[in-house]
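First comes the structure, then the notes that go with it.
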Amino acid sequence: MIQISPIQNNITVCPSCASTQTATHTILYPGIHVAAECTCNACQYKYIQDLPVGHACYYPVSIGVNDKKITDAYSIDWYTQSFATSYLNQNTSAVHIERVVNHTTKDVIVINCLDYLYGHVLLKLFNVSFCKQQHPGKGIVVIVPKNYVWLVPAYVDEIWVVDLKLSQCKEWYTSIHEQISLWMTSFQTVDLAYAFPHPCTERIQIESYSRVPAFDLNTFTEKKLTVTCIYRTDRLWHQSKTEYYVFLVLRKAGLLKFTSFLFPGLQNRSIQKLERMLRKQFPELVFNVAGMGRYGSFSSSVIDLRSDKPNAETERQWCEAYANSHVVVGIHGSNMLLPTAHAASFVELLPMDRTGNLTQDIITRYEGRTALYLGRFIPDTSSPALVANQIKAIYKGWPLFELYNDPANQLFEKDMEISFLKNLRNRILKALK
C-alpha cells in the first residue's frame, strides 16, 4: 500500500525523464482511479499519474497536464483508453455517496473497489481480508458501488457507498473527488491499498463476505448429489462449433435481435438434458438453475432460482444454493466467482477465446491435487453427456480420491504392524462398493 495522507512526495515516476524526484500536489479520487497530480523536480514536467490500485498496479498510465500526452509503457489499450477518456472528458454531475461509519478510527487503509465490471469489483473487495490480517491495528475503509454493500465484511470500519451503476463507473466524477477529499481530512493517516485484481484466493474466508459458509468437504458423502447450473444469456453454452460460429456471424452482422429466442432456447434444452441424464443415475438429485435472466422455463424437477433483477436477498439465496452444491456448472466469466467460492467443486465451460483468462473467474479454496480434482475446465461446446460425466466422476470418485491422497498416509511409514494399512484397505473396499 501507499500513504496518501499526509501527502507524500516521490510516489510517482516522471513519464518524461523517468526521475523519481517528484512533488505530489493533489490526490484525485474521481471513481475507479486514484491519481496523483505531480511535478517532476528534475525536468519540471507536470502530469497526472494513475496510482497503483487494481489494474494500475500492473499498467500505470500518465497524462501530461499541459500537453495531454499519454504515456503507457505496457500498451494495454482497454485500460489506458478508459483512464485517458475519462480524464479528458470529466463528468461534473453530482453523485450521491453515503458514508456508513461502523467504528471510529484515526489511521485507516482505503480500499477502492469501484469498477465498471462485476468481477473486478468483487476481486478488489476480496483484498479486504488480507489488509485486515496484515494490518490489524489500522481501520478499514471500503469504497463500493451500492449493489455490493451486502458483501462488505462486518468488521470493516467505514463503507462509502457510491450510488452508481457499474456502467456509469467508467467516468471521471469531480463530485466524487470533492466528497472523498473532504472525508479524508477526518483521519490522521490514510494508506491506499493496492487492491490487487487477482488476489490469492486460497485464504479467503468467503463466509465473512456473503455470510454463507462454504460447502464443508467433510459432509461430501453424506449429502445427496446437488448440482447448480449458473445461468446467463449474454454468454452461452453452445452445443457445437457450428452453432457457435453461426452465433458469432449473427452477432457481428447485428442480427442477433431477430433470433433472440434461438440460442437461449438451445441453452435451456442443454441444461434440461443435463438434468435428466443425471437424474437417471441419481434419482434423488437436487438440480438448481441460478443466475441472471429468465428466458423460457424448465420442468418441475428443476429448482428455478433465476432472476431478471436480483437484489441482495436474491444473491444471498443463490450463495446458499452454491454452498449446498457438490458441483456448480457454468460458462466462463465473473458469474463463476461466488459459485466457485461456495461450492465443493466446479465444471467450467471455457470458450476458446477465453483461454488466456483461465482461472481469473475462479475462487479456489484448495491446493495441489485437490484443487485439480475439484476444478474442471472443458470446452464451451461440450455436450450435456460430457458435462454429466464430469459431474459423476467428481461425485462418485471423491471418496477414493480422498483416501488415496490423505496427507496422513505419509505418517505411517513406521507402522510395523500395518494396522493403518488394514484400516485404509477396509475403507477403500467400502468406497469401491
Side-chain angles (χ1 to χ4, degrees), residues 1-40 45-65 70-87 107-117 119-135 138-144 160 162 169-170 172-173 176-177 180-181 184 187 189-201 360:
M1 58 188 182
I2 183 172
Q3 184 174 314
I4 56 174
S5 181
I7 287 180
Q8 304 294 302
N9 292 321
N10 307 324
I11 61 173
T12 63
V13 178
C14 175
S16 179
C17 72
S19 172
T20 57
Q21 300 301 307
T22 59
T24 308
H25 305 303
T26 308
I27 304 295
L28 305 169
Y29 313 94
I32 293 178
H33 307 279
V34 179
E37 186 173 356
C38 306
T39 299
C40 176
Y45 188 67
K46 297 182 184 296
Y47 60 94
I48 301 291
Q49 190 166 107
D50 205 5
L51 292 178
V53 177
H55 286 85
C57 290
Y58 309 145
Y59 321 123
V61 182
S62 302
I63 300 178
V65 171
I70 300 170
T71 303
D72 165 25
Y74 299 86
S75 300
I76 307 297
D77 289 345
W78 69 267
Y79 185 77
T80 302
Q81 291 305 315
S82 174
F83 178 79
T85 301
S86 65
Y87 172 71
D107 301 299
V108 300
I109 301 171
V110 171
I111 305 175
N112 181 13
C113 301
L114 297 180
D115 209 292
Y116 65 93
L117 293 175
H120 289 185
V121 177
L122 273 183
L123 291 167
K124 289 178 182 178
L125 184 59
F126 288 146
N127 284 270
V128 170
S129 53
F130 300 108
C131 289
K132 185 66 175 178
Q133 292 163 13
Q134 295 168 8
H135 306 281
K138 289 183 176 288
I140 303 291
V141 176
V142 173
I143 307 174
V144 289
W160 297 353
V162 181
C169 286
K170 270 191 172 184
W172 186 291
Y173 293 96
I176 293 181
H177 164 69
I180 290 180
S181 295
M184 288 292 187
F187 305 114
T189 64
V190 179
D191 292 316
L192 181 65
Y194 293 138
F196 282 104
H198 304 110
C200 179
T201 63
Q360 290 180 3

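All heavy atoms count here, side chains included; hydrogens, waters and symmetry mates do not.
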Indicate yes or no: at least one non-hydrogen side-chain atom of [X] is less than 4.5 angstrom from one of [Y].
| X | Y | result |
| --- | --- | --- |
| Trp160 | Val141 | yes |
| Leu192 | Val34 | yes |
| Ile48 | Ser62 | no |
| Thr39 | His25 | yes |
| Ser86 | Pro30 | no |
| Lys124 | Val142 | no |
| Asp191 | Lys138 | yes |
| Val162 | Leu114 | yes |

Legend entry - Trace of the side chain to side chain contact (heavy atoms under 4.5 Å, CB included) decision for Ile63 with Phe83: CA-CA 9 Å; Ile63 300 178; Phe83 178 79; 3.6 Å; yes
Inset, instruction - Tell me, with the steps shown, if Ile140 and Cys131 meet side chain to side chain contact (heavy atoms under 4.5 Å, CB included). - result: CA-CA 8 Å; Ile140 303 291; Cys131 289; 3.9 Å; yes
Say whether, by atom type as modelled, one donor and one acceptor occur between the side chain of [X] and the main chain of [Y] under 3.5 angstrom.
| X | Y | answer |
| --- | --- | --- |
| Asp115 | His120 | no |
| Ser19 | Gln21 | yes |
| Ser129 | Phe126 | yes |
| Ser181 | His177 | yes |
| Lys46 | Cys38 | no |
| Asp72 | Thr80 | no |
| Ser16 | Tyr45 | no |

Legend entry - Evaluation steps, side chain to side chain contact (heavy atoms under 4.5 Å, CB included), between Ile7 and Ile27: CA-CA 8 Å; Ile7 287 180; Ile27 304 295; 4.2 Å; yes
Inset, instruction - With side-chain hydrogen bond (donor to acceptor under 3.5 Å, both in side chains) as the test, would you mind laying out the steps for Thr12 and Tyr47 before giving the verdict? - result: CA-CA 10 Å; Thr12 63; Tyr47 60 94; 2.6 Å; yes
Euclidean distance, [Y] [atom2] relative to [X] [atom1], rounded to 0.5 Å:
| X | Y | atom1 | atom2 | result |
| --- | --- | --- | --- | --- |
| His198 | Leu123 | NE2 | CG | 7.0 Å |
| Cys57 | His55 | SG | NE2 | 9.5 Å |
| Cys169 | Leu117 | SG | CG | 10.0 Å |
| Ile180 | Leu28 | CD1 | CG | 11.0 Å |
| Leu51 | Met1 | CG | CE | 14.5 Å |
| Ile111 | Leu125 | CD1 | CG | 8.0 Å |

For [X] against [Y], the heavy-atom pair lying closest together:
| X | Y | answer |
| --- | --- | --- |
| Val53 | Ala193 | CG2-O, 3.8 Å |
| Phe130 | Pro199 | CE1-CB, 4.0 Å |
| Pro15 | Thr71 | CB-OG1, 3.6 Å |
| Cys17 | Cys14 | N-SG, 3.4 Å |
| Ala23 | Asn9 | CA-OD1, 3.4 Å |
| Pro197 | Tyr58 | CG-CE1, 3.3 Å |

Inset, instruction - Check step by step if side-chain hydrogen bond (donor to acceptor under 3.5 Å, both in side chains) holds for Tyr79 and Asp50. - result: CA-CA 11 Å; Tyr79 185 77; Asp50 205 5; 2.5 Å; yes
Legend entry - NZ/Lys132: more than 12 non-hydrogen atoms of other groups inside 6.0 Å: yes
Inset, instruction - Look at atom OH of Tyr74 and say whether more than 12 heavy atoms of other residues, nucleotides or ligands are closer to it than 6.0 Å. - result: no
Inset, instruction - Pick out which of Ile4, Val110, Asn112 makes a side-chain contact (heavy atoms from CB on, under 4.5 Å) with Tyr29. - result: Ile4
Legend entry - Residues His135, Ile109; criterion side chain to side chain contact (heavy atoms under 4.5 Å, CB included); working and verdict: CA-CA 9 Å; His135 306 281; Ile109 301 171; 3.7 Å; yes
Legend entry - Exercise: do Thr20 and Asn10 side chains pair donor with acceptor under 3.5 Å: no
